[in-house]
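Before any comments, here is the structure.
A note on names: the letters A, B, ... follow the listed sequences, proteins ahead of strands, and every chain is numbered from 1. Being a predicted model, the structure only gives us computed values, none of them experimental. Atom set for the values below is all heavy atoms of this structure, side chains included, hydrogens, waters and symmetry mates excluded.
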Number of protein chains: 2
Amino acid sequence: MPEAIAQTYTRADEAFDCLQTAIVKGDLVPGEKIGEVELCSRFNLTRGPLREALGRLESRGLLVRRPHAGVKVVSVSADELMELYRIRETMEGLAARQAAERMTDQEIADLSATLDSHERMIEQAQGQAYYQAEGDYDFHHRIATGSRNTKLAQMLLGDLYYMVRMYRYRLSTSSGRPHMALGEHRRIVEAIAQRDGELAEFLMKRHIHAARKNIEKKIQQGELTI
Amino acid sequence: MPEAIAQTYTRADEAFDCLQTAIVKGDLVPGEKIGEVELCSRFNLTRGPLREALGRLESRGLLVRRPHAGVKVVSVSADELMELYRIRETMEGLAARQAAERMTDQEIADLSATLDSHERMIEQAQGQAYYQAEGDYDFHHRIATGSRNTKLAQMLLGDLYYMVRMYRYRLSTSSGRPHMALGEHRRIVEAIAQRDGELAEFLMKRHIHAARKNIEKKIQQGELTI
DNA sequence: TAACCCGGGATTGTTGACAATAATCGAGTT
DNA sequence: AACTCGATTATTGTCAACAATCCCGGGTTA
């Protein structure tokens, strides 16, 4: 438990979490119009908390809401997904640099350990893209928080990752280059361990750049449809 | 009117705007605990729309809310403000690069024209920091939207700028180097006009870096208190 | 004296009903 | 047959009352 503050969970929080995971997992299809009452019955909520959650999700960009016309999950075009990766490139580069300067030795050791477990997972799961994606998410998550930059972590974890994960579930994005990605992760951790912020930033940017190029190629080849 | 879509204004939107400007302008003091009913009477609202607006503002990081304990405006420490500028450095660098690649000639001409009016304003207003700050905001706003990167613009305009403006109103941040800032703006626009994305990115990063250093210096000298 | 416990009061969270608005479908006209 | 206009209907936006929870002051005890 990172925070020992036993925050009482309010219905609005519950609604928010439910909807967010539903969107990320693809239970709520992008573009589909959906009514408030249906959502209420689906998640056992009343409209008050639901509306509050909808407001939060809207301002995070996960869904759009037209007055008197209902809500619908955002549908991200291929171009927009690429733009998302461009943003990740710069922001996670910054995160890596600050993480190199600020992570504790213990955190770095833990991060290194998770990479070991990722390696085992990749060998065991042989193309189980789901676990790879989760491992990848875990890695980036740790670096974002390790940057000790509250707002940066908030923007990455609260905004960008959910949108990226939304498509990762559907597309198994990072499949195809699991070992390569792991190697890149390893080198980033090495740079962080040596407290070389500049190098960590460079490697992280290149890592995400490569991921973007990989998706771009697949889309052009028609292997991926968005 | 930028958007001809006559979006009907809902009370929640109204509440959101009211609260946001109140926070940015400093009418709502950071750290101060504030009750829902008081907010309602202050802005002539009922609690339903208000709560929705509060949810949105919370997820944008402008206020924090503890269940059953009320809401309070976030108070940003000096360190956190510096972190904000670090994020701006990278993100606005990206925005400038993409703006150089994608703005229309007309937009660039308009941008250049606004700089002329900023120059006149600076000469007239002689230290009227308020107008300078607004001019600065206008400049960065145009580049963010000019990047044609929806999410990037959303993050900059929706999240970061409000937090920065919140302190700019109080501190008149950019005062002290108005002409210098204007010159930097001019050079950035030149780079954009020449479609030199790389240079635009470099200049924008340096511009914001200088602004950060300027604030840092003032804080260390005790001229600014946060 | 200081720490702790415990009601009273106030504030927030939640609910269901009511009002306003836009999408929809049908009728009439061109 | 296609289009426009208007009433209907369903959905959203709004409200005010109810219930749950936490803060605060007074009293008690170590």
Side-chain angles (χ1 to χ4, degrees), chain A residues 1 3-20 22-23 27-75, chain B residues 1 3-20 22-23 27-75:
Chain A
M1 284 163 219
E3 298 284 329
I5 306 160
Q7 283 275 30
T8 51
Y9 238 42
T10 174
R11 300 272 193 184
D13 294 327
E14 193 185 323
F16 182 75
D17 289 341
C18 283
L19 286 173
Q20 194 167 47
I23 291 171
D27 296 342
L28 263 45
V29 185
E32 185 190 7
K33 199 198 94 180
I34 194 155
E36 287 185 4
V37 283
E38 184 179 337
L39 287 173
C40 288
S41 62
R42 200 151 148 185
F43 297 104
N44 274 65
L45 296 161
T46 49
R47 285 183 55 216
L50 179 84
R51 284 181 63 81
E52 207 180 309
L54 289 179
R56 284 199 243 177
L57 288 165
E58 187 188 18
S59 86
R60 293 213 176 176
L62 279 175
L63 50 83
V64 291
R65 200 141 70 117
R66 271 215 344 247
H68 300 282
V71 305
K72 65 174 202 238
V73 180
V74 288
S75 54
Chain B
M1 282 159 222
E3 298 284 328
I5 305 161
Q7 283 276 30
T8 52
Y9 233 43
T10 173
R11 300 271 195 184
D13 294 327
E14 194 185 322
F16 182 74
D17 289 341
C18 284
L19 286 172
Q20 195 167 46
I23 292 172
D27 296 341
L28 263 46
V29 185
E32 184 190 8
K33 199 196 97 181
I34 194 155
E36 288 186 4
V37 283
E38 183 179 337
L39 287 173
C40 288
S41 62
R42 201 150 145 187
F43 297 105
N44 274 65
L45 295 161
T46 48
R47 285 183 55 216
L50 179 86
R51 284 182 63 81
E52 206 181 310
L54 290 178
R56 285 199 242 176
L57 287 165
E58 186 188 19
S59 85
R60 293 214 176 174
L62 279 175
L63 50 82
V64 291
R65 201 140 71 115
R66 267 209 354 242
H68 300 282
V71 305
K72 67 173 202 246
V73 180
V74 288
S75 55

#### Entry: Nearest-neighbour nucleotide for the A/Glu36 side chain, C/dG13, D/dC15, D/dT12 considered
D/dT12
#### Entry: Nucleotide nearest A/Ala69 (side chain, heavy atoms from C-beta), chosen from C/dG13, C/dA23, C/dT15
C/dA23
### Summary
Closest of C/dA20, D/dC23, D/dT21 to the A/His68 side chain is C/dA20
### Query
Would A/Arg65 and B/Glu52 pass as an ion pair if we require N to O under 4.0 Å?
yes
### Task
Round to the nearest Å and state the distance from A/Arg11 atom CZ to C/dT12 atom C1'.
15 Å
### Query
From D/dC23, D/dC15, D/dG13, pick the nucleotide closest to the side chain of A/Pro67?
D/dG13
### Query
Should B/Glu36 and B/Arg51 count as an ion pair when the cut-off is N to O under 4.0 Å?
yes
### Query
Between B/Thr10 and D/dT14, does any side-chain N or O lie under 4.0 Å from OP1 or OP2?
yes
### Message
What is the separation between atom CG on A/Leu54 and atom P on D/dT12, rounded to the nearest whole Å?
### Response
9 Å
### Task
Compare the minimum distances between each of C/dT12, D/dT12, C/dT15 and the side chain of B/Arg51, then state the nucleotide with the smallest one.
C/dT12
### Atom-to-atom span, CZ of A/Arg66 to P of D/dA10 - whole angstrom
20 Å
### Query
In whole angstroms, how far is the P atom of D/dA16 from the CG atom of B/Asn44?
12 Å
#### Entry: Nearest listed nucleotide, side chain of B/Arg47, among C/dG13, D/dC22, D/dT12
C/dG13
#### Entry: Distance, rounded to the nearest Å, where A/Leu39 contributes CG and D/dT11 contributes C1'
13 Å
### Query
Reckon A/Thr46 has a side-chain N or O less than 4.0 Å from the OP1 or OP2 of C/dG16?
no
### Task
In plain terms, say whether B/Asp13 and B/Arg56 are close enough for a salt bridge, that is, a side-chain N and a carboxylate O under 4.0 Å apart.
yes
### Query
To the nearest Å, how far apart are A/Ile34 CD1 and D/dT11 C1'?
14 Å
### Query
When we call it a touch if two heavy atoms are under 4.0 Å apart, what does A/Gly48 touch: a base, just sugar-phosphate, or nothing?
base
### Query
Between C/dG13, D/dC23, C/dA20, which nucleotide gets closest to the side-chain atoms of B/Arg65?
C/dG13
### Message
Is any side-chain heavy atom of B/Gln20 closer than 4.5 Å to one of B/Arg60?
### Response
yes
## Note on the structure
note: A/Glu52, atom CD; D/dT14, atom C1'; distance rounded to Å ~ 15 Å
### Query
What's the CG-P distance between B/Leu50 and D/dT14, to the nearest Å?
12 Å
### Task
Would you indicate whether the side-chain heavy atoms of B/Phe43 and B/Leu50 approach each other to under 4.5 Å?
no
